[in-house]
Amino acid sequence: PRAPPPPALDLFDLDEQFASERVRLAKLTNKCTEEHLEFYITQSAEILGVTEKLPEGRRGAKACLEVILRELTNWKKISHDTSMGGLG
């Protein structure tokens, strides 16, 4: 039996696969306009791992923003409590 051929590497954007979150977000930001806002939000959420926290059928821009806002609020609470020595 013959071994299957290797995958066609030209189908993969290796720069995209190995780039940091910051670089990937910068590239996305540079190619999107206001007309692409929903796409920008969902793709940013994908890069940041937000969509993994949502069920398969509920990964739209609004749901992604809800998760980000909730996490930001929790982080601010924890940060404030820590800076106040647990008194806040």
Novice: Once side chain to side chain donor-acceptor pair (under 3.5 Å) is applied, do any residues pair with Thr51, and if so which ones, sequence neighbours excluded?
Specialist: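 Testing Thr51 for side chain to side chain donor-acceptor pair (under 3.5 Å), a comparison that skips the adjacent residues, returns Glu46.
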Novice: Using every non-hydrogen atom in the two residues, find where Val50 and Cys64 come nearest and quote the distance to one decimal.
Specialist: CG1-O, 3.9 Å
Novice: Restricting to non-hydrogen atoms, name the atom on Ser44 and the atom on Leu28 that form the minimum distance, rounded to 0.1 Å.
Specialist: OG-CD2, 3.4 Å
Novice: Quick one: name the residues clustered hydrophobically with Trp75, using the 4.5 Å side-chain heavy-atom rule over I, L, V, M, F, W, Y, and just say none if it's on its own.
Specialist: Leu72
Novice: Could you tell me the separation between the CD atom of Glu38 and the CD atom of Gln43, rounded to the nearest 0.5 Å?
Specialist: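 CD of Gln43 is found 11.0 Å from CD of Glu38.
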Novice: Quick one: pull up CG in Leu54 and OG1 in Thr42 and give me the separation to the nearest 0.5 Å.
Specialist: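 Reported to 0.5 Å precision, the distance equals 11.5 Å.
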Novice: If we only count heavy atoms from C-beta on, is the Thr33 to Tyr40 side-chain gap below 4.5 Å?
Specialist: no
Novice: On a heavy-atom basis, which atom in Ala63 and which in Arg58 lie closest, and how many Å separate them?
Specialist: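 Reported closest heavy-atom pair: CB-O, 3.5 Å.
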Novice: To the nearest 0.5 Å, what is the distance between CD1 (Ile41) and NZ (Lys62)?
Specialist: 12.0 Å
Novice: For Glu21, give me all partners under side chain to side chain contact (heavy atoms under 4.5 Å, CB included), at least two apart in sequence or on another chain.
Specialist: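 So Glu21 forms a side chain to side chain contact (heavy atoms under 4.5 Å, CB included) with Ile47, Leu48.
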Novice: Asn74: which residues meet the side chain to side chain contact (heavy atoms under 4.5 Å, CB included) condition with it, sequence neighbours left out?
Specialist: Arg70, Lys77
Novice: List the residues meeting side chain to side chain contact (heavy atoms under 4.5 Å, CB included) with Ala26, not counting sequence neighbours, and say none if there are none.
Specialist: none
Novice: Give, for atom CD1 of Ile78 and atom OG1 of Thr73, the distance between the pair rounded to the nearest 0.5 Å.
Specialist: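 Reported to 0.5 Å precision, the distance equals 11.0 Å.
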Novice: What's the spacing between Thr29 OG1 and Arg22 CZ if we round to 0.5 Å?
Specialist: 11.5 Å
Novice: Taking side chain to side chain contact (heavy atoms under 4.5 Å, CB included) as the test, write out the residues that go with Lys53, two or more places apart.
Specialist: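 Result, side chain to side chain contact (heavy atoms under 4.5 Å, CB included) vs Lys53: Val67, Glu71.
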